[in-house]
Amino acid sequence: MENASIAEILEEYAKYLEINNEDFFRVRAYNSAARSVLGLDFNIAEILKSGEELPKIKGVGKNIQGHIEEIVNSGTFHELEEIKSNTPQILIVMNKIPGVGAKKAFKIHKELGVNSLGELEYACIENRLAMLDGFGEKSQNKILKNIEYVKLSMQRRLLADAEETAEKIHSFFESIDYVEKYEIAGSYRRKLETVKDLDLVIVAQGESNVLDKIAKEGFFDEIREGGEKKISAALDGLPVDLRCFEKDDFYTALHHFTGSKAHHERLRGIAKSKNFKINEYGIFQGDKKLKVSSEEEIYEILGLHYIPPELREGIFEFREDLDFENLVTEEDIKGIFHIHTNYSDGAMALQDIVDYCRSRNFKYTGISDHSRSAFYAGGLKEEELFDQIEKIDAVNAENRDFFVFKGIESDILPDGSLDYSKDVLQKLDFVIASIHSHFNMSMSEMTDRIIKAVNNPCTKILGHPTGRLLLSRDGYQVDMYEVIKECCRNNVIIELNCNPYRLDIDWRYLQTLIKEGGRVILCPDAHSKNGFEHIKYGVYAARKGGLTPAHVLNTLDTDGIAGILKNKC
DNA sequence: GCCGTTTTCGGCCCGACTGTTTTCAGTCG
Ligand SMILES: Nc1nc2c(ncn2[C@H]2C[C@H](O)[C@@H](COP(=O)(O)OP(=O)(O)OP(=O)(O)O)O2)c(=O)[nH]1
Ligand SMILES: [Mg+2]
Ligand SMILES: [Mg+2]
Ligand SMILES: [Zn+2]
């Protein structure tokens, strides 16, 4: 079992505790234990099963360790199952109403016997809500109005889609002259794969009510609420939070608004233990406000190495054995694999791809169309593959400073075998093995299926290992830890698919992967020219996972790649 | 629920805003 599964279950329990109005610090204990588990450099289940003693895990004491042992044995723990079956659905629903949290939802349910949103609407209309202690006419009206928001059920947004809204915001700030400095912070700046909103930090020197002025520009679709220092707006259906600061406070404000919440809890705890205090207005030593002119200085003052925004998730950035000085960048990428041509479902011809890659200064590419079982995606019959091989050989004969590696994205068939015979695959430089069908297998079946493909000597790369499509399709059930170990044992590189809907393998597994000695390859999975633009999302994800160029196969030059691929099957 | 260590229970990140309150709790960032 993966640590991530354990973490997920602990987080779920925290959510139920919170909804049931349990002690705040108890809720937080479960949340922070979950983060700790996610950031471990060993596999909990493996250690427990071997009968060894579990090393000390920060934030995991007797109780939570007991739960973890139960989770490893049975996939859940009884307190969780109990609270799940005892929590009325309406509490969960009401918690989604803006302005209604655990306390209010609990009270409404308990004292008014409200069991559905419909009943809540009635209670408001009949003025019963306003009669409750702590409620009044205004909050009643607000709740009535906000019930609609739950029905709309706000979704998170793909980072790549949020970027389009961000572009509009950049143009807007170009067009006005009274904002001196601003930056989009929050999860957007941390390059999280999906974002709930955009969080803007704004500085306007010598302007009294900047936010008011911005609100009145009519640029945003909606201004939901606001005070002097912050307003909540929306654009393209995406919420936007704006906060205004003095120029001198810009860096601590930016740092604050970049988050994450979990990062701040840890960092501020550390600060406090060293007799500092951090908030959005500065870092303080006693009454003295220290001068800060970069985010780096905040970490320096605390005696910590710098933690870039992408890493600030409260998961593993505080581990003492890690530093983030040499994270991979887009410039490190020397060439790209997993390109589809018009032989299968791609839009570009081989020569177009070569020309385009050269114009982008790539030194090589790896062509991999779909295999024959993927008939819906124009998968290649053997003759077509042989034809493509000839064409690629011809291109390579013409070019001295660019190389095309010959490959295929082979379906992993339900029994774990690949889609062509060995003597066909031997004609290729590489095989990406991917799952494109029969997603509904049990976790152990699916894990066995993938592991069998990974053990096939022809397999060089494992493609999009969970098959997830962010915000629309969960990945298939697979034990990623077992898969990672098998990949490392067989020298199979794991793809980090750069398509912003995929970003698969998830960055949260990357520390585990490199601990096991593995590497990733960043693949745009391009079906058209536009697909090449996706590389940056893969780089963001790799950085979030703390990877350096050495952990990314396609930072190597052509000879380096050829060396890795030289053992044919 | 966890932690530290003045080994036993008090503290756990910090602030803006709202609406209710009559001095602050709840929600959200
Ligand atoms: N210190 C502190 N800062 C917080 C807390 N909650 C939010 N923040 C800061 C850090 C967050 O990154 C920032 C923006 O809050 P958001 O709710 O928008 O979360 P974030 O952008 O991190 O993720 P999301 O919007 O959900 O994709 O505000 C908190 O409880 N404590
Ligand atoms: Mg946000
Ligand atoms: Mg926000
Ligand atoms: Zn694929």
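Each chain gets a letter, A, B and so on, in the order the sequences are listed, and its residues count up from 1. Heavy atoms only: backbone and side chains are in, while hydrogens, waters and symmetry mates are out.
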Any donor-acceptor pair under 3.5 Å from [X] side chain to [Y] backbone:
{"X": "N497(A)", "Y": "N499(A)", "result": "yes"}
{"X": "K96(A)", "Y": "V150(A)", "result": "no"}
{"X": "K485(A)", "Y": "E516(A)", "result": "no"}
{"X": "E119(A)", "Y": "N115(A)", "result": "yes"}

Taking pairing as Watson-Crick or G-U wobble with both contacts under 3.5 Å, can you name the mate of dT8(B), or confirm there isn't one? none
Write down the distance between [atom1] ([X]) and [atom2] ([N]), rounded to a whole number of angstrom.
{"X": "R266(A)", "N": "dC2(B)", "atom1": "CZ", "atom2": "C1'", "answer": "13 Å"}
{"X": "F24(A)", "N": "dG1(B)", "atom1": "CZ", "atom2": "C1'", "answer": "13 Å"}
{"X": "I57(A)", "N": "dG1(B)", "atom1": "CD1", "atom2": "C1'", "answer": "15 Å"}
{"X": "N141(A)", "N": "dG19(B)", "atom1": "CG", "atom2": "P", "answer": "10 Å"}
{"X": "N146(A)", "N": "dG19(B)", "atom1": "CG", "atom2": "P", "answer": "11 Å"}
{"X": "K145(A)", "N": "dT18(B)", "atom1": "NZ", "atom2": "C1'", "answer": "13 Å"}
{"X": "I278(A)", "N": "dC14(B)", "atom1": "CD1", "atom2": "C1'", "answer": "10 Å"}
{"X": "L132(A)", "N": "dG19(B)", "atom1": "CG", "atom2": "P", "answer": "17 Å"}

Among [options], which nucleotide has an atom closest to any side-chain atom of [X]?
{"X": "K277(A)", "options": "dC14(B), dG19(B), dG1(B)", "answer": "dC14(B)"}
{"X": "N63(A)", "options": "dC2(B), dC12(B), dC17(B)", "answer": "dC2(B)"}
{"X": "K272(A)", "options": "dT20(B), dC14(B), dG1(B)", "answer": "dC14(B)"}

Within a reach of under 6.0 Å around NZ of K216(A), are more than 12 heavy atoms found that belong to other residues, nucleotides or ligands?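 Not more than 12 within 6.0 Å, no.
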Mark up nucleotides 24-29 of chain B, 5' to 3', with B wherever a protein heavy atom is under 4.0 angstrom from a base atom, S wherever such an atom reaches only the sugar-phosphate, and - elsewhere. --SSSB
Scan [X] against the nucleic acid and name what it touches under 4.0 Å (heavy atoms): base, sugar-phosphate only, or nothing.
{"X": "E137(A)", "result": "sugar-phosphate"}
{"X": "V60(A)", "result": "sugar-phosphate"}
{"X": "E225(A)", "result": "nothing"}
{"X": "K107(A)", "result": "nothing"}

Any idea if dT7(B) is syn or anti, going by the 90°-from-0 cut?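 Because its glycosidic torsion lies within 90° of 0, dT7(B) adopts the syn conformation.
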Going by the glycosidic torsion and a 90 degree boundary from 0, is the base of dT18(B) oriented syn or anti? anti
Note: for A29(A) and E265(A) on DNA chain B, the residue whose nearest nucleotide lies more 5' is A29(A)
Given that S139(A) and D23(A) both sit by DNA chain B, which one's nearest nucleotide is further toward the 5' end? D23(A)
Quantified in whole Å, what is the [atom1] atom distance between nucleotide [N] and nucleotide [M]?
{"N": "dC14(B)", "M": "dT20(B)", "atom1": "C1'", "answer": "23 Å"}
{"N": "dA25(B)", "M": "dT21(B)", "atom1": "C1'", "answer": "9 Å"}
{"N": "dG1(B)", "M": "dT5(B)", "atom1": "P", "answer": "23 Å"}
{"N": "dG11(B)", "M": "dT6(B)", "atom1": "P", "answer": "16 Å"}
{"N": "dC28(B)", "M": "dT23(B)", "atom1": "P", "answer": "25 Å"}

Measure from NZ or CZ of [X] to the centre of the six-membered ring of [Y] and say whether it is under 6.0 Å with the direction within 45° of the ring axis.
{"X": "K191(A)", "Y": "Y188(A)", "answer": "yes"}
{"X": "R473(A)", "Y": "Y501(A)", "answer": "no"}
{"X": "K104(A)", "Y": "F135(A)", "answer": "yes"}

So does Y281(A) get a side-chain nitrogen or oxygen closer than 4.0 Å to the phosphate oxygens (OP1/OP2) of dA16(B)?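 So the side chain of Y281(A) is within the cut-off, an N or O lying under 4.0 Å from OP1 or OP2 of dA16(B).
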Aromatic plane relationship, F219(A) with F172(A) - under 30° parallel, 30 to 60° tilted, over 60° perpendicular: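 Parallel: the ring planes of F172(A) and F219(A) meet at under 30°.
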